[in-house]
2 protein chains.
Amino acid sequence: MRNGSSVTIYQVARAAGVSPSTVSNLLNGRPGRMLPATKQRVEEAIERLGYRPNRTARQLRTGRTQAIGLVVPSVANPFWGTFARHLEGSALAEDYHVLLCNSEREPERERRYLEQLWDDGIRGVVLCSSLPSLDHVKPLLEAGLTVVAFDRTAQAGDPETLVNISVDNVVGAHLVTQHLLGLGHRRLAYVSGSLRAVNRQERYRGYLSAIAEAGLDMAAANAELSTSDDRYGDRDAAELGRARTVELLNSPNPPTALVAMNDMCALGVCAGVRDTGRQVGEDVSVVGFDDILLAELCAPALTTVRQPLERMAAEAFQHLRTGIEGGAPVAGRSLLIRPELVVRASTAPPR
Amino acid sequence: MRNGSSVTIYQVARAAGVSPSTVSNLLNGRPGRMLPATKQRVEEAIERLGYRPNRTARQLRTGRTQAIGLVVPSVANPFWGTFARHLEGSALAEDYHVLLCNSEREPERERRYLEQLWDDGIRGVVLCSSLPSLDHVKPLLEAGLTVVAFDRTAQAGDPETLVNISVDNVVGAHLVTQHLLGLGHRRLAYVSGSLRAVNRQERYRGYLSAIAEAGLDMAAANAELSTSDDRYGDRDAAELGRARTVELLNSPNPPTALVAMNDMCALGVCAGVRDTGRQVGEDVSVVGFDDILLAELCAPALTTVRQPLERMAAEAFQHLRTGIEGGAPVAGRSLLIRPELVVRASTAPPR
DNA sequence: AGAGAGTGGTGCATCGATTTACTGTTCAGC
DNA sequence: GCTGAACAGTAAATCGATGCACCACTCTCT
């Protein structure tokens, strides 16, 4: 009752007049070990009884699961939601499940999650927290967990078997900053949450390098505007962008262009611009990063940097699969994808 | 190796000088069956060896899993992302996992997912597709799956044990339409995707009832604007809103207020309004439904209907838990929550 | 003294599938 | 005619935890 009226391999075996081993052999791709007639009898029995193997029992025996873990900061952010969607698409095609975990970028929470996943038999995880250190994950990596770090480039001291998949954040931020400079902006500011995450550091670096390249006075370019270290959420990202922008624009000699760490933050920045009575894309230019769906939809549409999420998700899944099914973890490597600048209406020459 | 260096209950038992049964008794909340001294020895052994019970083995034996399923149309929609986030929060507090599935509202895909979840030992699922018929789910319900239908009210012919949790869509749409009428709008239109989903039907009904109540000519109120039946996605929702809005506003005698089926659609509608050179909240009023984070952030901020997602997620999880842990499914019931109107800048009296 | 209840445990079958080692048969090759 | 490989298939141990049925022992009560 609790278990439904599930059919076991024994019942199939009896119905087909063979032993469970034979059924198992058929199920596990060893049909050569029996006569075609036998094979057909077994197949018929499976069909007739509507047999579906018990995944739990299989997992207990083999130690393998048809599932991977996905740890994102928060799926409430459409960027991560979209990524999750694509990853699931890739996984589904190979009959894998995705276990979703929101870490809020807290290492301790992340560690607990990974441990639970491991206990559930999951041997492959996509980790999206972009934390600089992965020490909290090391024990599991050593135990054999395959980890793909997404949106995080390789760092010195990383575990050997780690695979990194990321867009080139430095290049992306450089591109978008160059775009602003090319439009003639000379007083810029960068709006970001805490720079603890490495992708944020990289974006900031790309921003600074573009400014330096243009021979601009660094002092003109407003430096990082971080909130307190523990605020990482995405509602926060937007609120932060809004609050900081109001401050910036109310200061003497305000910037004419604002670079936000990501699109959610940029949407907050746009709101902040309006709060001060200015027009985005006219009085002030704003750029984001990620190219979430809403970047195209909001008013004015956001100039931003596109991450090819679908391709990256497929890549991440393939890595996990080979890592899991190969048994031994594959050698660590990094995949750095060149992002694409998407120019829309939120940027224009300064007044 | 493949399985890590995992410690089993036997090793703990040996280390503590007791039988596995005793360890199991302690682990499963029966500490009264042993002397305090014994209990302490076992606890020490667990601690010392770093023992964590194998969830798979436990699941095979008991038939229970510490996981629930969540089937949403698409987590790329921030509304579902936020819901997933809250559900996970509730689940986590009770040490449950959430398995995420994107159904795209396709019944066949949904059925396949639920079957897979069942095979994985999952006995409780939150279903968010709002499909009018749950026939494709019936076999599993009968087998003992606990299902909470979210954002879908009870329908005639529903399985008996089904639990429905939803905001009152009729009331919500009524409220927001009343608001527009109260502002003086007399030519309205409703923008929606296919009305196959019951929540959409209800919202449309609420819209119509408010218009009828005001004694308005029904012909004035533009009827449903559906796309083809298979287009359900959320990128589509926005695109649909945009395309239909452009058509509507370019027609003779265009509406002065647009009611969108949800916020994503409303954001598309806003884009469409701008495409025709009009201003949202000045030339045309726009309202949505859901109150996603972006409703507050976009320009102008969206008047909409708020769903208390966090509370609803908690409620959904509690239902599943009692359903799963109680063994027998609880009696079917419905929870209908009164939504709240949130007035922002996208609505104003007609020109 | 013997029945009955309570205490503090343990032995072992069990969940369902997998897989290794093995058996019995057939038949080619010398 | 005998050897031994190839074939078709099976028996049984195993994965790790659970929980029922049971046991040995000590009190208490009549």
Side-chain angles (χ1 to χ4, degrees), chain A residues 1-43 45-46 49-66 118-121 123 327, chain B residues 1-43 45-46 49-66 118-121 123 144 325 327:
Chain A
M1 174 73 12
R2 155 158 305 150
N3 209 2
S5 52
S6 58
V7 183
T8 74
I9 201 170
Y10 290 90
Q11 298 172 31
V12 174
R14 185 160 336 126
V18 296
S19 77
S21 312
T22 300
V23 181
S24 174
N25 278 332
L26 179 60
L27 258 50
N28 291 281
R30 286 179 285 270
R33 292 206 193 165
M34 66 206 72
L35 292 175
T38 311
K39 179 176 170 231
Q40 200 184 331
R41 281 209 326 279
V42 175
E43 281 168 345
I46 289 177
L49 300 178
Y51 168 71
R52 292 198 312 269
N54 181 316
R55 284 177 163 237
T56 307
R58 180 177 269 178
Q59 178 181 341
L60 176 60
R61 186 60 239 255
T62 64
R64 285 184 285 270
T65 333
Q66 291 280 94
W118 177 265
D119 289 348
D120 270 339
R123 296 295 173 260
Chain B
M1 175 70 18
R2 157 158 303 150
N3 208 2
S5 52
S6 59
V7 183
T8 74
I9 201 172
Y10 290 91
Q11 298 171 30
V12 174
R14 183 158 342 124
V18 296
S19 76
S21 310
T22 300
V23 181
S24 173
N25 279 333
L26 179 60
L27 258 50
N28 291 281
R30 287 179 285 270
R33 293 209 193 159
M34 66 205 72
L35 293 176
T38 310
K39 179 175 169 234
Q40 199 184 333
R41 278 206 329 279
V42 175
E43 281 169 344
I46 289 177
L49 300 177
Y51 168 70
R52 292 198 312 269
N54 181 317
R55 284 178 163 235
T56 308
R58 177 178 272 175
Q59 177 182 340
L60 176 60
R61 186 61 239 257
T62 62
R64 285 185 284 270
T65 332
Q66 291 280 94
W118 177 265
D119 289 348
D120 269 340
R123 296 297 173 259
E325 294 180 2

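Here is how names work: the chains are called A, B, and so on, in the same order as the sequence lines, proteins then strands, and each is numbered from 1.
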Starting from C1' on D:dC22, measure out to CG on B:Asn25 and report it in whole angstrom. 14 Å
Among A:Arg55, A:Arg58, A:Gln59, which residue meets the side-chain contact (heavy atoms from CB on, under 4.5 Å) test with A:Gln66? A:Arg55
Assess the residue pair A:Val23 and A:Val18 against the criterion (side-chain contact (heavy atoms from CB on, under 4.5 Å)); give the C-alpha distance rounded to whole Å, side-chain angles, the decisive distance to 0.1 Å, and a yes or no. CA-CA 8 Å; A:Val23 181; A:Val18 296; 4.0 Å; yes
Of the options D:dG16, C:dT10, C:dT19, whose atoms approach the side-chain atoms of A:Arg64 most closely? C:dT19
Under 3.5 Å, is there an N or O donor on one side and an acceptor on the other linking the side chain of B:Ser21 and the base of D:dG19? yes
How would you label the contact of A:Thr56 with the nucleic acid (heavy atoms, under 4.0 Å): base, sugar-phosphate, or nothing? nothing
Is any side-chain N or O of B:Tyr10 closer than 4.0 Å to OP1 or OP2 of C:dT10? no
Quick one: which of D:dG9, C:dA17, D:dT18 gets closest to the side chain of A:Thr22? D:dG9
Minimal non-hydrogen separation, B:Gly144 against B:Trp118, with atom names: C-CZ3, 3.9 Å
Could you tell me the separation between the CD atom of A:Gln11 and the C1' atom of C:dA17, rounded to a whole number of Å? 13 Å
Going through the checks in order, is the side-chain contact (heavy atoms from CB on, under 4.5 Å) test met by A:Lys39 and A:Leu26? CA-CA 7 Å; A:Lys39 179 176 170 231; A:Leu26 179 60; 3.8 Å; yes
Check every strand shown and say whether A:Arg30 touches a base, only sugar-phosphate, or nothing at a heavy-atom separation below 4.0 Å. sugar-phosphate
Would you say that A:Ser19 contacts A:Thr22 through its side chain, given a criterion of any heavy-atom pair below 4.5 Å between the two side chains? yes
Atom pair distance, as rounded to whole Å: CZ in A:Arg14 and C1' in C:dA17: 16 Å
If you look at every strand shown and take non-hydrogen atoms under 4.0 Å, does A:Val18 touch a base, only sugar-phosphate, or nothing? sugar-phosphate
D:dT18, C:dG9, C:dT18: which one has an atom nearest the side-chain heavy atoms of A:Asn28? C:dT18
Could you walk me through whether B:Thr65 and A:Thr56 pass the side-chain contact (heavy atoms from CB on, under 4.5 Å) check? CA-CA 10 Å; B:Thr65 332; A:Thr56 307; over 6 Å; no
Where each residue is assigned the nucleotide of DNA chain C containing its nearest heavy atom, which of B:Pro20 and A:Leu60 is assigned the position nearer the 5′ end? B:Pro20
Bend of the helix from C:dA1-D:dT30 to C:dC30-D:dG1 from end-axis comparison, five pairs per end, nearest 10°, comes to 60°
Nearest listed nucleotide, side chain of A:Ile9, among C:dT18, D:dT10, C:dT10: C:dT18
In terms of heavy-atom contacts, A:Tyr51 and A:Val7 come closest through CD1-O, 3.3 Å
I'd like to know if A:Arg58 reaches the base of C:dT18 with its side chain such that a donor and an acceptor end up less than 3.5 angstrom apart. no
Determine: side-chain N/O of B:Thr8 to OP1/OP2 of D:dG16, distance under 4.0 Å, yes or no. no
Minimum heavy-atom distance B:Ala16-B:Val42, with the two atoms named: CB-CA, 3.9 Å
Taking atom P of C:dT10 as reference, at what distance in whole Å does atom CG of B:Leu35 sit? 10 Å
Please report the distance, rounded to the nearest Å, between CE in B:Met34 and C1' in D:dA24. 18 Å
CZ (A:Arg52) and OG (A:Ser6) are apart, to the nearest 0.5 Å, by 9.0 Å
If you only use heavy atoms from C-beta on, which nucleotide in D:dG19, C:dG9, D:dG16 is closest to the side chain of B:Ser24? D:dG19
Without decimals, in angstroms, what is the distance between B:Arg55 CZ and D:dA17 P? 13 Å
Strictly below 4.0 Å: does B:Arg33 bring a side-chain N or O up to OP1 or OP2 of C:dT7? no
Round to the nearest Å and state the distance from A:Gln59 atom CD to C:dC15 atom C1'. 14 Å
Nearest whole angstrom, please: distance from the C1' of C:dT19 to the CG of A:Leu26. 15 Å
Check the phosphate of C:dT19 against A:Thr62, side-chain N and O only, distance under 4.0 Å to OP1 or OP2. Yes or no? no
Closest to the A:Arg61 side chain: D:dG9, D:dA13, D:dG16? D:dA13
